[in-house]
Q: 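Take this structure first; my questions come after.
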Amino acid sequence: MDNKTCRILCLYDLFYTGRIISFRDINDHMKCYGFEMCKKTIYRDIQLLKNAGILHVCYSQKLKAYIPVDGDFMYGFCIGDFSPPEFPESQNQRRYMERIIRLCNVMEQVIRSEIEDPITWYHSNYPRLSDRTRQRDFELLRKVDYYITYESEDEFGPGGYYYDYPGRGPEAPAWQRAYDFD
């Protein structure tokens, strides 16, 4: 298991769903996934997400927590449109950051949006990457509870992709809700 990548994706998920995130919140969330983190590691992972243009937060001494960079912790978001990244000079670090950006993109734009055909989306957005890379990406996302599965058509309804992710709730997928059972 790619612990560092999973750890960063879990951190991204926490910031995606929160507006005021303390070190205690981060540690509690990460313990659910089996990660013990010191403040230095947390800071380094947050800095990587900020440099990648994914995370838009600043630390508030007053609140002792990370808040949206615009300061609007009531209605602001820690995750916004992905900004242009500040790539590191090292080629390996650059490839790693590109991977993190790609995985966060899939988490947000594919799984949380529950798009109709994730494979076509993946190929159109990352045409140079192989099916094996896509499979590895989807497998890694499963390790942080972001699932993409395909349900075949059967006597009970049409086939389609099914998504599950933290906080999704019990709602059926869109393709299943659209099917008339009468």
Q: Between Y163 and R112, is there a side-chain donor-acceptor contact under 3.5 Å, judged purely by atom types and distance?
A: no

Q: Do the side chains of P68 and V57 get nearer than 4.5 Å, heavy atoms only?
A: no

Q: State, to 0.1 Å, how close I79 and L55 come at their nearest heavy-atom pair, and which atoms those are.
A: CD1-CD1, 3.5 Å

Q: What verdict does the side chain to side chain contact (heavy atoms under 4.5 Å, CB included) test give for I46 and F15, after you've listed the backbone C-alpha separation in whole Å, the side-chain angles of each residue and the deciding distance to 0.1 Å?
A: CA-CA 10 Å; I46 288 172; F15 277 101; 3.9 Å; yes

Q: Quick one, E139 with R142, criterion salt bridge (Lys or Arg N to Asp or Glu O under 4.0 Å). Give me CA distance, side-chain angles, the key distance, then yes/no.
A: CA-CA 5 Å; E139 179 63 33; R142 278 192 282 279; 2.7 Å; yes

Q: Quiz question: by atom type and distance under 3.5 Å, do the side chains of Y122 and D137 form a donor-acceptor pair?
A: yes

Q: Quick one, L103 and L140 - any side-chain contact, counting heavy atoms below 4.5 Å?
A: yes

Q: Checking side chain to side chain contact (heavy atoms under 4.5 Å, CB included) for the pair F138/T149: CA distance, chi angles, key distance, verdict?
A: CA-CA 10 Å; F138 288 5; T149 54; over 6 Å; no

Q: Spell out, as yes or no, whether a donor-acceptor pair under 3.5 Å connects the side chain of T120 to the backbone of D117.
A: no

Q: Report yes if some heavy atom in the side chain of M97 is under 4.5 Å from a heavy atom in the side chain of E86; otherwise report no.
A: no

Q: Mind running side chain to side chain contact (heavy atoms under 4.5 Å, CB included) on M30 and I42 for me, showing each step along the way?
A: CA-CA 10 Å; M30 298 310 250; I42 293 169; over 6 Å; no

Q: For the CD1 atom of I119 and the OG atom of S124, what is their distance to the nearest 0.5 Å?
A: 12.0 Å

Q: Looking at CD of Q93 and CZ of F87, how far apart are the two atoms once the value is rounded to the nearest 0.5 Å?
A: 12.5 Å

Q: Just checking, is any N or O donor in the side chain of Y146 or D164 under 3.5 Å from an acceptor N or O on the other one?
A: no

Q: NZ of K31 to SG of C10: how many Å apart, nearest 0.5 Å?
A: 14.5 Å

Q: Report the distance from atom CG of L141 to atom OH of Y165, rounding to the nearest 0.5 Å.
A: 14.0 Å

Q: Grab the two heavy atoms, one from A52 and one from P85, that are nearest each other, plus how far apart they are.
A: O-CB, 3.5 Å

Q: Does any part of the side chain of C6, heavy atoms only, come nearer than 4.5 Å to the side chain of L9, both counted from C-beta?
A: no

Q: Measure from the side-chain N and O atoms of K64 to the backbone N and O of S22, and report whether any donor-acceptor pair falls under 3.5 Å.
A: no

Q: Is Y147 reachable from Y162 through a run of hydrophobic residues whose side-chain heavy atoms are each under 4.5 Å from the next?
A: no

Q: Contact between Y96 and I8 at the side-chain level, heavy atoms closer than 4.5 Å - yes or no?
A: yes

Q: Output, in order, the C-alpha distance, side-chain angles, deciding distance and verdict of salt bridge (Lys or Arg N to Asp or Glu O under 4.0 Å) for D131 and R134.
A: CA-CA 5 Å; D131 277 336; R134 177 190 52 78; 3.7 Å; yes

Q: Begin with the C-alpha distance, continue with both residues' side-chain angles, and end with the deciding distance and a verdict on side chain to side chain contact (heavy atoms under 4.5 Å, CB included) for R7 and T41.
A: CA-CA 10 Å; R7 189 181 71 226; T41 302; 3.6 Å; yes

Q: A side-chain contact here means heavy atoms from C-beta on lying under 4.5 Å apart; do W121 and V106 qualify?
A: yes

Q: Is the shortest side-chain heavy-atom distance between Y12 and I100 below 4.5 Å?
A: no

Q: State which residues pass salt bridge (Lys or Arg N to Asp or Glu O under 4.0 Å) with E36; sequence neighbours excluded, sorted by chain then number.
A: none

Q: According to side chain to side chain contact (heavy atoms under 4.5 Å, CB included), who are the partners of Q91, at least two apart in sequence or on a separate chain?
A: R94, R95

Q: Which pair of heavy atoms, one from F82 and one from N105, lies closest together, and at what distance?
A: CE2-N, 3.9 Å

Q: Answer yes or no: are there more than 12 heavy-atom neighbours, outside Q109 itself, under 6.0 Å from its atom CD?
A: yes

Q: Quick one: are H29 and I21 in side-chain contact, heavy atoms under 4.5 Å?
A: no

Q: Looking at Y59, I'd like to know if its OH atom is crowded, meaning that more than 12 non-hydrogen atoms belonging to other residues, nucleotides or ligands lie closer than 6.0 Å.
A: yes

Q: Which value, rounded to the nearest 0.5 Å, describes the distance between I54 atom CD1 and C78 atom SG?
A: 13.5 Å

Q: Please say whether the positively charged group of K4, taken as NZ for Lys or CZ for Arg, lies over the ring of F35, i.e. under 6.0 angstrom from the six-membered ring centre and within 45 degrees of the axis.
A: no

Q: Do the side chains of V69 and L14 join up, straight or via other hydrophobic residues, at under 4.5 Å, putting them in one cluster?
A: no

Q: Could you tell me whether the side chain of S113 and the main chain of E108 form a donor-acceptor pair under 3.5 Å?
A: yes

Q: What's the separation between atom CG in L48 and atom NZ in K50, rounded to the nearest 0.5 Å?
A: 12.0 Å

